[in-house]
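Since the structure comes first, as structure tokens, the remarks are kept for the end.
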Amino acid sequence: MDLHRQLLAANDPEIAAAITGEEQRQRDGIELIPSENYTYPEVLAALGTVLTNKYSEGYPGRRYYGGQHFTDRIEDIARERARALFRAEHANVQPLSGSAMNQAAYLACLQPGDTVLAMDLSHGGHLTHGAPVSHMGRLFNFVRYKTQHNRQGAIDYDGLMEMARETRPKLVLCGFSSYPRELDYAAFRRIADSVGALAMADIAHIGGLVAAGVLRNPLDDGFDIVTTTVHKSLRGPRAGLILCRQTLAAAIDASVFPGLQGGPHMHTIAATAVTLRKASEPAFRDYGRQVLANAQALAQALVGAGVSLVTGGTDNHLLVLNTIDSFGLDGRRAETVLDEIGITANKQVVPDDPRLPLRPSGLRIGTPAATTRGMREDDMRAIAAWMVQALRHPDDAALLVRLAEEVRTFCRRFPLPGVAAA
Ligand code: DSN
């Protein structure tokens, strides 16, 4: 155990024991929540440093506190790496996480009451894309578009163009947290242009896949603003990035600080810089390809076993299962049953779900974390088989115990990055 952990164990055994327990949970189980990942040991090292002691309000060269020699260097490196990796004119690396980055982006370019076109939450959009329960949904006039269930979840771009002409949005937003298909960014750009709106993409989930070059980068299609989290497919610390045109740089920066946030978390920004360097290496492209290949293998195995997938499949890293149609179980029960055998997923609404979000009709799974641990297509087929057995027999306690043991044994083959073996 390293010195910091020894000190923690000696001085706060309760918290130390809970952290050790979480390490064990992560090591012994299969992580399928599509927004989670295992970060690099180097990122964990950067996070646990004295940078957490420092206030750095402002931006490099323009801070409100002294002692910024090293923090300026770190933030400059992080910004430069983000710009280079995503081919962006400007990058802000200070957003504390995904919701803050989207809020800062809206507040940079909209006035209260302005109209935004965004994807409906149950069709795959995110809370910050105008769900009525979010503050953003109250502040701006979000008009929601849906996907077409009978066309593999495709978006009706002609219909969206029509909707834009009727509603005159200031911002056309695309992106998602539970949509398994690729988007036509050029079509979104044309729709935004047709009404003089800005085009923004929230690639929070797929930022790593875009960085790896295995999914399309909306900046290459002339988007004005792109936001991404750092902790999902990018495999970094919990943080957000805003990438934008140079003409929006001053507004975005002012919106993040002082508009929305105070002191940036410099330990996280250092860890973000480390992540961005890793993502620019050739091995990360291989990782991105494997994430997609694993998602295909998982989807094919589930469909082959008769499971109903929203949109019928996936083009990215995530899948949404309709567990009511497939197993007669709501998403909450399905999540609990899988938890019992050591597979972590999350309940999920399906398009126009008649059920409530805490007991929805579906389950969301994805492959970024399992891929980081080294799992490949054959492993995805084994995981699909365990899932289907458990979900078909949720009340068979003996079966669930046996499957849990199989999952634990399987997981021993895949070490947890940055954590010593048990
Ligand atoms: N919580 C994230 C997700 O799971 O997709 C989005 O905020």
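Atoms within each ligand, like the ligands themselves, are counted from 1 in listed order.
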Should Gln348 and Leu321 be marked as a side chain to side chain contact (heavy atoms under 4.5 Å, CB included) after you check the CA-CA gap, both sets of side-chain angles, and the distance that decides it? CA-CA 8 Å; Gln348 177 67 46; Leu321 285 60; over 6 Å; no
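- Between Phe188 and Tyr185, the distance from one ring center to the other does not fall under 6.0 angstrom.
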Could you pull out every N or O of ligand 1 that sits under 3.5 Å from a protein N or O, with the distance for each pair?
from, atom 1, to, atom 2, distance (Å)
ligand 1, 4 (O), Ser35, OG, 2.6
ligand 1, 4 (O), Arg364, NH2, 2.7
ligand 1, 5 (O), His205, NE2, 2.7
ligand 1, 5 (O), Arg364, NH1, 2.9
ligand 1, 7 (O), His126, NE2, 2.6

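- Partners of Thr229 by side-chain contact (heavy atoms from CB on, under 4.5 Å), not counting sequence neighbours, listed by chain and number: Met101, Ala204, His231, Lys232.
- Between His205 and Asn316, the closest side-chain pair of non-hydrogen atoms is not below 4.5 Å.
- Screening residues 259-278 for side-chain hydrogen bond (donor to acceptor under 3.5 Å, both in side chains), with sequence neighbours left out, gives Glu42-Lys278.
- Qualifying side-chain hydrogen bond (donor to acceptor under 3.5 Å, both in side chains) partners for Arg144, counting only residues two or more places apart in sequence or in other chains: none.
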